[in-house]
**Q** 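Can you read through this structure? Questions will come right after.
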Amino acid sequence: MTEMLPGIRYLPAYFSADEQKALLEEVRAVVAQAPLFVPRMPRTGKPMSVRMTNCGALGWVTDQERGYRYQPIHPVTGKPWPPIPPMLLDLWRAVADYPFDPEACLINYYDAEAKMGLHQDRDEQDFDAPVVSVSLGDTCRFRVGGKTRQGPTVSYKLQSGDVFVLGGEGRLAFHGVDRIYPGTSTLLKNGGRINLTLRRVTPPRASEIIT
DNA sequence: TAGTACCA
DNA sequence: CATC
């Protein structure tokens, strides 16, 4: 058994099948307002294999010219991101162990060939809040390492309805998606996997703090 | 290094 | 790794 950083929590089958369907409907409504786009690597412009969109006050985007960042508008439509759906706010309030709501929810769609190399979530100003993610659709192999690129990793098969939390010492753990297992879920009619990632981006504003 | 290649 |  490989070492696991404290603050990393795997919550299998957090959402029931019915709840997954309801959550998926909320996600569909977001994507109808904020279409999936192709993120590109900084400097090289190489397209990532996932397609993405966001909801919340801020969304994570990347392109060749400006690189990784959070911004309040969709890079294609120029419109503000739709609000974070109620079921996801409920999830955050239940598992984040953090007294303020998330500002960003990144929605990543993986087709059968998509993957995500090992990386850290470090574009946020606030590392005190955890990163909370939800899997919907096909199972994936999810790899988690330590706070540096070298060192051992642990891999999980994340199934539809599972929740994974990177918090505390594990907030800056390297992680990525090695592969998708096609045909392992019937939730998405066309297959593939949706990952929803909730994050706090900025420190809490004074107006949020009740003393 | 949110990319790739390669390996166990 | 080649690249920034």
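Source: prediction; values computed, not measured. Numbers restart at 1 for each chain; the letters A, B, ... are given by sequence-line order, proteins then strands.
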**Q** Measure the distance from NZ on K147(A) to C1' on dT1(B) and round it to the nearest whole Å.
**A** 20 Å
**Q** Considering only Ile, Leu, Val, Met, Phe, Trp and Tyr, and joining two whenever side-chain heavy atoms are under 4.5 Å apart, list the other residues clustered with I73(A).
**A** none
**Q** May I have the distance from H119(A) (atom NE2) to dT4(B) (atom C1'), rounded to whole angstrom?
**A** 16 Å
**Q** Would you mind listing every ring-ring contact (aromatic ring centres under 6.0 Å, His included) that reaches into residues 76-95 of chain A, with sequence neighbours excluded?
**A** H74(A)-W81(A)
**Q** Between C1' on dC7(B) and CG on L118(A), what's the gap in Å once rounded to a whole number?
**A** 14 Å
**Q** Quick one: K46(A) NZ to dA5(B) C1', roughly how many Å, whole number?
**A** 12 Å
**Q** Which residue pairs satisfy the side-chain hydrogen bond (donor to acceptor under 3.5 Å, both in side chains) criterion with at least one member in residues 126-137 of chain A, sequence neighbours excluded?
**A** Y98(A)-D126(A), S135(A)-R193(A)
**Q** Would you give me the side-chain donor-acceptor pairs under 3.5 Å for residues 11-18 of chain A, sequence neighbours excluded?
**A**
| unit_1 | atom_1 | unit_2 | atom_2 | d |
| --- | --- | --- | --- | --- |
| S16(A) | OG | E19(A) | N | 3.1 |
| S16(A) | OG | E19(A) | OE1 | 3.4 |

**Q** Provide, to the nearest angstrom, the distance between the CZ atom belonging to R141(A) and the P atom belonging to dA8(B).
**A** 15 Å
**Q** Sub-3.5 Å donor-acceptor pair from the side chain of Q20(A) to the main-chain atoms of L136(A), do we have one?
**A** no
**Q** In residues 43-52 of chain A, what donor-acceptor pairs under 3.5 Å come from side-chain atoms, sequence neighbours left out?
**A**
| unit_1 | atom_1 | unit_2 | atom_2 | d |
| --- | --- | --- | --- | --- |
| T44(A) | OG1 | K46(A) | N | 3.2 |
| S49(A) | OG | K115(A) | N | 3.0 |
| S49(A) | OG | K115(A) | O | 2.9 |

**Q** Across the strands shown, which category fits R143(A) at heavy-atom distances under 4.0 angstrom: base, sugar-phosphate, nothing?
**A** nothing
**Q** Of the nucleotides dT1(B), dT4(B), dC4(C), which has the atom closest to the R43(A) side chain?
**A** dC4(C)
**Q** Rounded to whole angstrom units, what separation is found between the CG atom of D178(A) and the P atom of dC6(B)?
**A** 16 Å
**Q** Rounded to the Å, how far apart are R40(A) CZ and dC4(C) P?
**A** 17 Å
**Q** Kindly indicate whether the side chain of V30(A), heavy atoms from C-beta on, has any atom under 4.5 Å from the side chain of P85(A).
**A** yes
**Q** Quick one: side chains of residues 170-182 of chain A, donor-acceptor pairs under 3.5 Å with protein atoms, not counting sequence neighbours, listed by atom name and distance.
**A**
| unit_1 | atom_1 | unit_2 | atom_2 | d |
| --- | --- | --- | --- | --- |
| R171(A) | NE | A129(A) | O | 3.0 |
| R171(A) | NH1 | D121(A) | O | 2.8 |
| R171(A) | NH2 | E124(A) | OE1 | 2.8 |
| H175(A) | ND1 | H119(A) | O | 3.3 |
| H175(A) | ND1 | A173(A) | O | 3.0 |
| H175(A) | NE2 | H119(A) | NE2 | 3.3 |
| H175(A) | NE2 | D121(A) | OD1 | 3.2 |
| D178(A) | OD2 | R143(A) | NE | 2.9 |
| D178(A) | OD2 | R143(A) | NH2 | 3.0 |

**Q** I need the residues from residues 48-67 of chain A with at least one non-hydrogen atom less than 4.0 Å from DNA chain B; give them sorted by number, or say none.
**A** M48(A), W60(A)
**Q** Side-chain polar contacts of residues 104-114 of chain A - donor-acceptor pairs under 3.5 angstrom, sequence neighbours left out - could you list them?
**A**
| unit_1 | atom_1 | unit_2 | atom_2 | d |
| --- | --- | --- | --- | --- |
| Y109(A) | OH | G191(A) | O | 2.9 |
| D111(A) | OD1 | E113(A) | N | 2.9 |
| D111(A) | OD1 | A114(A) | N | 3.0 |

**Q** So, using salt bridge (Lys or Arg N to Asp or Glu O under 4.0 Å) as the criterion, who are the partners of R28(A) when residues are at least two apart?
**A** E25(A)
**Q** Please list, in numerical order, the residues of residues 163-174 of chain A that have a heavy atom closer than 4.0 Å to any atom of DNA chain B.
**A** none
**Q** Round to the nearest Å and state the distance from M41(A) atom CE to dC1(C) atom C1'.
**A** 13 Å
**Q** With Watson-Crick and G-U wobble geometry limited to distances under 3.5 Å, how should the secondary structure of DNA chain B be encoded in dot-bracket form, using | for bases paired to another strand and [ ] for crossing pairs?
**A** |.|.....
**Q** Applying a 4.0 Å non-hydrogen cut-off, can you work out what D123(A) is touching in the nucleic acid: base, sugar-phosphate, or nothing?
**A** base
**Q** In chain order, what residues pass the side chain to side chain contact (heavy atoms under 4.5 Å, CB included) check against E208(A), with sequence neighbours excluded?
**A** F100(A), R200(A), P204(A), R205(A)
